[in-house]
2 protein chains.
Amino acid sequence: MSLTITIQALSDANRRRILDILKRGEMNAGDINKKLDITGATLSHHLDILKRADLISGRKEGQQVIYSLNLSVFEEAAEQLVKFFEIKTKSKSKKIEDWRG
Amino acid sequence: MSLTITIQALSDANRRRILDILKRGEMNAGDINKKLDITGATLSHHLDILKRADLISGRKEGQQVIYSLNLSVFEEAAEQLVKFFEIKTKSKSKKIEDWRG
DNA sequence: TAGATAGTTAGACAATTATCTAAATATCTA
DNA sequence: TAGATATTTAGATAATTGTCTAACTATCTA
């Protein structure tokens with residue numbers, strides 16, 4: 001999954017709340033909804049974006065759809081981001097002045 | 001800085017490229033611009049967003065404005081994100097079934 | 001001081017987004 | 001089979017976003 005799609009999925013506070021909830025374990029849409037101050041339709045939209053980013057999956061069980069974190073994808077996203085934040089300090093050659101001015 | 005503002009600053013590919021460039025050391029706006037396929041005005045806009053997120057700073061030197069990464073803020077942002085991705089597995093009490101169904 | 005150069009600001013535009021209400025679909029149950 | 005319940009889809013709207021061109025400001029230099 002591209003970093004842009006992952007980050008955009010993370011860029012909304014409600015979606016981050018959904019992920020936070022699902023980190024604790026799977027949950028159906030209705031129960032997730034009770035924890036958020038948005039309509040069911042809006043929740044569906046957010047769930048869809050998270051699904052497209054492959055961060056979560058939903059399985060139907062009776063009338064309900066139970067959502068869960070895609071743990072490996074979630075962890076892979078974390079790794080990608082950590083990698084982005086990495087700063088490779090040159091081992092030699094570059095002088096301090098080049099970095100701090 | 002709020003996670004929303006940080007993530008939104010990171011959500012654009014050109015802004016991430018700018019940060020990537022500045023990770024290697026400071027650079028003036030014109031030189032950054034040469035590395036990107038956008039107008040100077042658009043670059044200014046992106047630099048502004050990164051400045052508002054406190055991820056970079058610019059100092060004027062003659063005609064030029066030299067931008068640099070705010071290393072401590074950048075690292076703090078990384079930590080915030082790593083924290084977000086953390087999954088605290090319960091030490092006891094919760095059964096496997098509660099997590100994997 | 002008159003141009004040239006570097007960068008920002010202003011204003012416009014098309015695309016995307018988060019949200020809502022209303023309607024549709026799917027499943028359960030009396 | 002007729003509601004009731006759970007969720008998604010459709011369609012609308014207001015806000016935000018990334019981009020551009022044109023104009024502006026600041027600085028340098030011949």
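Just so we're on the same page: letters track the sequence lines, and every chain starts at 1.
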Between [atom1] on residue [X] and [atom2] on residue [Y], distance to nearest 0.5 Å:
X     : Y     : atom1 : atom2 : result
A:M27 : A:Q64 : CE    : CD    : 11.5 Å
B:L50 : B:L22 : CG    : CG    : 8.0 Å
B:S44 : B:I38 : OG    : CD1   : 9.5 Å
B:N28 : B:Q63 : CG    : CD    : 11.0 Å

Legend entry - Between C:dT5 (P) and B:N33 (CG): distance, integer Å: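 Answer to the nearest Å: 16 Å.
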Legend entry - A:L50 CG - C:dT17 P separation (whole Å):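 One finds 13 Å between P of C:dT17 and CG of A:L50, rounded.
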Contacts under 3.5 Å, N or O only, protein and nucleotides 7-12 of chain C:
| unit_1 | atom_1 | unit_2 | atom_2 | d |
| --- | --- | --- | --- | --- |
| C:dG7 | OP1 | B:A29 | N | 3.2 |
| C:dG7 | OP1 | B:G30 | N | 3.4 |
| C:dG7 | OP1 | B:V65 | N | 3.4 |
| C:dG7 | OP2 | B:G30 | N | 2.6 |
| C:dT8 | OP1 | B:Y67 | OH | 2.4 |
| C:dT8 | OP2 | B:S44 | OG | 2.4 |
| C:dT8 | O5' | B:S44 | OG | 3.2 |

Inset, instruction - Could you name each residue pair satisfying salt bridge (charged side-chain N to carboxylate O under 4.0 Å, His left out) that touches residues 10-21 of chain B, not counting sequence neighbours? - result: B:D20-B:K23
Inset, instruction - Specify the angle, to 10°, made by the local axes at the two ends of the helix from C:dT1-D:dA30 to C:dA30-D:dT1 when five pairs are taken at each end. - result: 10°
Legend entry - Range on DNA chain D touched by chain B, heavy atoms, distance below 4.0 Å: D:dG18 to D:dC28
Legend entry - Single-linkage hydrophobic cluster, 4.5 Å side-chain cutoff, A:I87 and B:I18 together: yes
By side-chain contact (heavy atoms from CB on, under 4.5 Å) - contacts of [X] (at least two apart):
X     : result
B:Q80 : B:L3, B:T6
B:S68 : B:E26
B:Q8  : A:S11, B:T4

Inset, instruction - Select base, sugar-phosphate, or nothing to describe what B:I32 touches, counting heavy atoms under 4.0 Å on all strands. - result: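 No contact.
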Inset, instruction - Under the side-chain hydrogen bond (donor to acceptor under 3.5 Å, both in side chains) rule, collect the residues that match up with B:E61, sequence neighbours excluded. - result: B:R59
Inset, instruction - Sequence neighbours left out, what pairs pass side-chain hydrogen bond (donor to acceptor under 3.5 Å, both in side chains) with at least one residue falling in residues 47-56 of chain B? - result: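 Those involving residues 47-56 of chain B are B:D48-B:R52, B:D54-B:N70.
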Legend entry - Residues within residues 6-19 of chain B bordering DNA chain D, heavy-atom distance below 4.0 Å: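 When residues 6-19 of chain B is checked for heavy atoms under 4.0 Å from DNA chain D, the hits, listed by number, are B:D12, B:N14, B:R15.
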Legend entry - Residues that, via side-chain heavy atoms closer than 4.5 angstrom, fall in one hydrophobic cluster with A:I5: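 Joined to A:I5, directly or through intermediates: A:M1.
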Using distance only, find each side-chain donor-acceptor pair of residues 71-79 of chain B under 3.5 Å and give its atom names and separation, not counting sequence neighbours.
none

